[in-house]
Structures are given as structure tokens and as C-alpha cells.
Trainee: 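Starting off with a structure, shown below.
Chain naming here is simple, since letters A, B, ... match the order of the sequence lines and numbering starts at 1 in each. Side chains are part of it too, since the values below use all heavy atoms of this structure and drop only hydrogens, waters and symmetry mates. Everything quoted here is computed from the prediction, not taken from an experiment.
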Protein chains: 2
Amino acid sequence: MSQKVFVSAQEVADRAGVSRSAVSRTFTPGASVSPETRRKVLEAADALGYHVNHLARGLMRNESGIVCLIVSDLATPHRSGMIKVLTQELQHSGKIAMLVNTDLSDGSVDLALRQAIHYRADASIILSGMPDKSIAQLCLKSGQRLVLINRDDEQDGPLRINLDDEEAAGRILIAFLRAGCRKLAFANSEAGTPSLMARENGFVAAARAHGLDVVVERYGWTGYESGRVLAQRLLTRNQRPDAVFCATDLLACGFMDAARHQFSISVPDQLCVAGFDDIEQASWASYQLTTFAQPLATIAREAVSWLESGPVANSEGRTSAIRLHADLVWRSSIRGG
Amino acid sequence: MSQKVFVSAQEVADRAGVSRSAVSRTFTPGASVSPETRRKVLEAADALGYHVNHLARGLMRNESGIVCLIVSDLATPHRSGMIKVLTQELQHSGKIAMLVNTDLSDGSVDLALRQAIHYRADASIILSGMPDKSIAQLCLKSGQRLVLINRDDEQDGPLRINLDDEEAAGRILIAFLRAGCRKLAFANSEAGTPSLMARENGFVAAARAHGLDVVVERYGWTGYESGRVLAQRLLTRNQRPDAVFCATDLLACGFMDAARHQFSISVPDQLCVAGFDDIEQASWASYQLTTFAQPLATIAREAVSWLESGPVANSEGRTSAIRLHADLVWRSSIRGG
DNA sequence: TTGTAAGCGTTATCAT
DNA sequence: ATGATAACGCTTACAA
């Protein structure tokens, strides 16, 4: 297609009157070059607009510097926030993010991982879906690292970073009880991902431990609109709940809006609401949602530092799992405090 | 670092009992291979877990398939929405997105473009900041394509996609006038990007054409919090405005929240508000913001199809600019309709 | 410290 | 249709 004409190391070498290797060494941190040649090379490179070809370098070094981010629902506040911190952290450690959007086809996580292999990515970070066992094994066998965030998979080999969802659910139950709520509900999507289900199960279990029942409702995709539908369903019951734990903030925003504008219910006076993720909108004046903060910075740091850490034990790759704590962010969608 | 051991074409060839070239041809669309060899190769490849090395392929073909997305404020609804459609469109046409986050350092757009060159990206799409003239020239000279979205630059060579911001500003003025508003205000950030300024200038000019003045206030970064500050400033004036055009939806959300919750002003009864971008939150029940929709799908399609179109005229690369129309999305933050 | 030469995994050219 | 061979731009022993 486009007639690309990049400057090569040879041209720089010619102009500087040195060998190709001298040029290569100049751009290799920690290689031995005399200050004089270095200067000449840098000068020629600058004049010619030379930039090391990372494709070729990756080929030789067997290390591309590419990390593949596999993501769906790219435009949701939580996911985009995740991508933001991950790209920052990756760039900070000299890597570059390749972004694969899996919104389109089904089973596209596998397709995405194939892309990662094609470009010889040093690692893949999966924020959505679950890879097929076989393709995941291929990645690991090929020496590619795998990080699963909020996927809670049983597979061996990848790094798994998860939150303590159950425990958080228990804490929010206490908060509801302190606010005097007894008619509990849980609003979930039908996505059924491990972390979503852990929140649900944790909440139900904690309630049961206190001798209380929870009305659970699930609907559609984990977004604002689903929150409205869930409100429709939960707030039209004979026994209207006085406390709702929503599986995500996005659901909670939709739920609150429906409760207030459609059912004229006052939050938190007549209904306490809690969410999960602490997306930016949770802090907006219209919501002031009590929620759990995803420790984004920590997640990114842990993920990237694990990628940087030396080679994984070839012997079946040591199994690593990190469970992080989610801080409760108190706002006014729950009475008291 | 990690001992990566990917399967090579040679290994596949050996196992299938054919030559390397046969393997290569099997994976090159439109190459001539007999069904028989093809089958043997595919079988061996599958058994071994072979995947074409795009690094090496890019080296040979002088075409990496990589497109670099250069972005700041990654986590805002508008930017993430943009990234979503762009990645979809790119993947759809067989390309892959490399994401560079420029939130960190200043002048990092140049750094980002350097990364694009390092990885021999076929093109770069810039959603934020402006590249230095020299580095942009280097990209173009190297045969890399450049797309600037909502940057409205004068430079020659790159494709420039912009909205008709001035014209849109004129339309919203009419809407305000029809609603009976006469005390106009414009809420802007201090970012001063061309599109933001075009909205401001277009609004002021249109008002002047109708013999009306506009109070313009600018503050901080283009986010929710700035909207609140701007409301603070504009709503405490002697002459309180009865209509505010906010440069973006995010500003508008902050503005509306402050107006309602802090100043107990009713929107749209006492104050009409309009925004720009049509982010998801604009449609939420708490805002119901009248705004202009960014034609995201069209933008992405235009950008990617331009990348696919044959080689740019080497003779100074024909100058291409696309100006798109922003549809007005009517909701209830303006009276009437 | 420097240059020479081999090799990374492809694809493209050219015979066959 | 197939196989040998020469690139592609780089890094890295190895030799000087």
C-alpha cells in the first residue's frame, strides 16, 4: 500500500561513518560505545530522523514490548477507567498497549488472544470474558503471560487479580441494617460473571446469617437501562424493598433515577441504595452513591509489576492470585453513616 | 526475560513435509496453493499451534497492520466512546489498535508519534493535543498516515475530521430564543482547543447577529467539576442568565447539578441548558440534556476508509478535510421543542 | 571499543 | 503449484 520509507540503521551508520552495530549499540541501553561514536551516531540519527524498528528488534530479542489489552464494554466508566490506569502503568514501564475490543463477535476473546500471539505480545491482560482453556494454554506454553482481572478463574498459570466481593457485600449489609433497613433486594444483570455473582451470593449469604431474606432480580446487560428495568420490577412488588444493593454503579444510577423520577421515592429516606465500582458518576450531586471503590491504581501496579518480574517458573508456571480489598466510599444514598 | 518459544513456519513445514514457502502461501490470502498441501499445512499448523509472526511479516511487507491511537482523557465518556468505535472499525478492516495515553507528560503527543514510528504503525489517529510540525512531517515523509479528529489543524497532509461547531452553535441559539431566553451565557473550559473555541465563537457571533450579548466564562479542565465551578460563577451574577450553552456535556452535567442542588434553580423552567457530545449521561433521567451528537460511527468509518484507500499522492500528499454535521438531540433541558 | 557475520521469521522473486 | 534463495532491519556473539 503506502510506500513507507523509514530510515534504517545502515543509513545512519553510513552518514556517521561507523558500522551498523555501532548504531545498534548506541540505542541499546547499557551497551559499550565511546562517547565520540555515540555523538556521531546520535547526530546522524537526528538529522535523518532515524527511529529503531521495534518490529525487527522484537524479532531478534524475542520480546516485543507489546502488551495486549482484551476488553469489552470499552466505553463504560469502569472499563475506560481501568484502561486508563493500565496504559499509564504500562507506558511507565516502557511497554506499549495493544487494544483489542471484544464487543463484536462471540468467542472473540480467543480471537483476541490469537492477535496477541500474532504480534508476539509479551503478555495479555484480560478484562472481559474468559479465554478457552486450549488457547490460554497455548499462550502460556509460548511464554506469553496472562493476567485475568476480576475474572476469578480456576486456571493455573495466569495471574488472577480479584476483589473481595463477598466480604464487601457483607459490609454493605451491615450498613443497611444500621440504617434500619430490613426489606432487602439485590439488583443484578444477567451477565453472570464471577465477580457479579460473588457480590450477589455474598449479600444473600450475609443477610441469611442475620435471618433476613433478599429479593434478587436479574436483568439484561450491566448498564444504566437495566438499572431502570430492575427498579421497575423491584419497586412494584407488594413488599417494596427499603434497601437495594446494585451489582454495579451503572445499575445503581439507573435504579436511583427510576426510583426518584418514576416512582417519586426519596433516596435515602425511603430507600437506601448502594453500588459497586465507584465510577465518576457515583460522586455526582444527582447520585451521591455509597459504593465500593475498585483499587484501580493497585490493580494496574500489581499487574504490570508481575509482568516485569523475572521469568515464570517453567515448571507449570507458579499459580499466582491476588485478592484486593474494596474500600467503602460513604455518600448519602444510605441513611446514617 | 520470559523464554518465549513460538512455533515457526519452518517447524510447520517440516511436520507437513513441505517447504517454508508453502506454509507462507497457505496463510497468505489469494496465494496459489493446492488443496492438498493446504490441508497438510493447516493440519500441522493446528497441531503445533502455529501463528504467523506479524512482526516478521510487517518487516517484509513493510506494513505492520498497526494503527496508533493517541489519546488523552481516556476515561471520559466521549473519548472512550470514540475509542470504542475506532477499535471496532479498525478490527473490522483487519487492523489492530495500539493505544498511547498522553495524559502524563507534556509534549507527549510527540512522544506518542515516536512510538508509532518505532512500531512502524501504518497510521496514527490523534484525538488529543497537537503534534509538533516537525514530527508530523517525519511521519508523513516516512509514509505514515495521520488523522486528526476534532483538531482543526492547518497542516497539510493529514486527514482532518471536524464537526461544524459554529453552525451547531447557531442552531442552539435559535432554540434558546424560541424558548424565550434572552440572557445568554456560555460555559467553557480553559483548554482552548479549536473545537471548543469554535463552539464559543459561533455562539457569541450568532447572538450578536441577533443583537444579544453573551456572558462567557472559562474555567479549568473540561470536566464535571469545572461545570460546577462555572455554575457558581455564572449563577451568582446580578443578571442571572436564563440560558447556558456548555461547551461539552460533562460541563453541562456539572452545571445542571449545581444549578439544581446548590441554587435550587429549576431546569428548564428557570434556566435552559444545552451541551455538546451526547454522552450517555446526557440521556439519563437526571439530566435529559439537549445536546449535539458526535457522529461517532461516521467519524470512525471515514477515518478508517481513508486509511484503506490507496497510497496518498506522494506529491505533498493531497490535503483532505472532512466537515461533519452534528445532529441536535432534543431533550427536556430546554423549554418547548 | 569496534567491525564482521550470523540469524530472527517472514515474504517475494525466480526457477522448476 | 512448488521449492530454493535473497531480502527486510535489527541484535549479538565473536574476532580484531
Trainee: Can a donor-acceptor pair under 3.5 Å be found between the side-chain atoms of Ser8(B) and the base atoms of dT10(C)?
Mentor: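 Looking at the base of dT10(C), it does not pair with any donor or acceptor on the side chain of Ser8(B) (distance under 3.5 Å).
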Trainee: Taking the nucleotide of DNA chain D with the closest heavy atom to each, which residue, Val23(A) or Arg20(B), is nearer the 5' end?
Mentor: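 Nearer the 5' end of the strand: Arg20(B).
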Trainee: What about Ser21(B): does its side chain form a donor-acceptor pair under 3.5 Å with the base of dA4(D)?
Mentor: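 Looking at the base of dA4(D), it does pair with a donor or acceptor on the side chain of Ser21(B) (distance under 3.5 Å).
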Trainee: Under 4.0 Å, heavy atoms only, any strand: does Phe27(B) hit a base, just the sugar-phosphate, or nothing?
Mentor: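 No contact.
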Trainee: Between dT2(C), dT2(D), dC10(D), which one does the side chain of Arg120(B) approach most closely?
Mentor: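 Output: dC10(D).
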Trainee: Does dT10(C) have OP1 or OP2 under 4.0 Å away from a side-chain N or O of Ser24(B)?
Mentor: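 Checking Ser24(B) against dT10(C): no side-chain N or O falls below 4.0 Å of OP1 or OP2.
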Trainee: Here's a test of your reading of the structure: between Asn53(B) and Ser19(A), which maps to the more 5' nucleotide of DNA chain C?
Mentor: Ser19(A)
Trainee: Using the side-chain contact (heavy atoms from CB on, under 4.5 Å) rule, pick out the option among Leu159(A), Val147(A), Ile161(A) that qualifies with Ser320(A).
Mentor: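 When Leu159(A), Val147(A), Ile161(A) are each tested with Ser320(A), the side-chain contact (heavy atoms from CB on, under 4.5 Å) holds only for Leu159(A).
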Trainee: If you compare all heavy atoms of Ser32(A) against all heavy atoms of Arg25(A), which two are closest, and at what distance to 0.1 Å?
Mentor: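 Closest approach of Ser32(A) to Arg25(A): O-CD, 3.8 Å.
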Trainee: When the distance from CD of Gln10(A) to C1' of dG3(C) is rounded to whole Å, what number comes out?
Mentor: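 From Gln10(A) CD to dG3(C) C1': 12 Å.
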Trainee: Strictly below 4.0 Å: does Tyr119(B) bring a side-chain N or O up to OP1 or OP2 of dC10(D)?
Mentor: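 No, no such contact exists.
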Trainee: Do side-chain atoms of Ser80(A) reach the backbone of Thr76(A) as a donor and acceptor pair under 3.5 angstrom?
Mentor: yes
Trainee: What is the distance, to the nearest angstrom, from the CD atom on Glu63(B) to the P atom on dA12(C)?
Mentor: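 It is 10 Å, rounded to the nearest whole Å.
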Trainee: For the pair made of CG in Leu55(A) and P in dT11(D), what is the distance, rounded to whole Å?
Mentor: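 Those two atoms, CG and P, are 12 Å apart.
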Trainee: To the nearest Å, how far apart are Asn62(A) CG and dT12(D) P?
Mentor: 11 Å
Trainee: Of the listed nucleotides (dG3(D), dT2(C), dT2(D)), which one gets closest to any side-chain atom of Ser34(B)?
Mentor: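 Selected nucleotide (nearest to the side chain): dT2(D).
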Trainee: Of the nucleotides dA1(D), dC10(D), dG9(C), which one has an atom closest to the side chain of Leu59(A)?
Mentor: dG9(C)
Trainee: Can a donor-acceptor pair under 3.5 Å be found between the side-chain atoms of Arg25(A) and the base atoms of dG3(C)?
Mentor: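 Counting by modelled atom types and ignoring angles, a donor-acceptor contact under 3.5 Å is found here.
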Trainee: Can you tell me if Asn62(A) uses its side chain to pair, donor with acceptor, with the backbone of Lys4(B) under 3.5 Å?
Mentor: yes
Trainee: Side-chain N or O of Thr37(A) versus OP1/OP2 of dT1(C): is the shortest distance under 4.0 Å?
Mentor: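 No, outside the criterion.
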Trainee: Does the ring centre of Tyr50(A) sit less than 6.0 Å away from the ring centre of Phe27(A)?
Mentor: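 Yes, close enough.
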Trainee: Calculate the interatomic distance between Lys40(B) atom NZ and dA1(D) atom C1'; express it in whole Å.
Mentor: 12 Å
Trainee: What nucleic acid atoms does His118(A) come within less than 4.0 Å of, heavy atoms only: base, sugar-phosphate, or nothing?
Mentor: nothing
Trainee: Please classify the nucleic acid contact of Ser32(A) as base, sugar-phosphate, or nothing, using heavy-atom distances under 4.0 Å.
Mentor: base
Trainee: Taking the minimum atom-to-atom distance to the side chain of Met60(B), which one of dC10(D), dG3(C), dT10(C) wins?
Mentor: dT10(C)
Trainee: Would you kindly give the CZ-to-P distance between Arg61(A) and dG9(D), to the nearest whole Å?
Mentor: 18 Å
Trainee: Does Glu63(A) offer a backbone N or O that forms a donor-acceptor pair with the side chain of Asp122(A) under 3.5 Å?
Mentor: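 Looks like no, no N/O pair under 3.5 Å.
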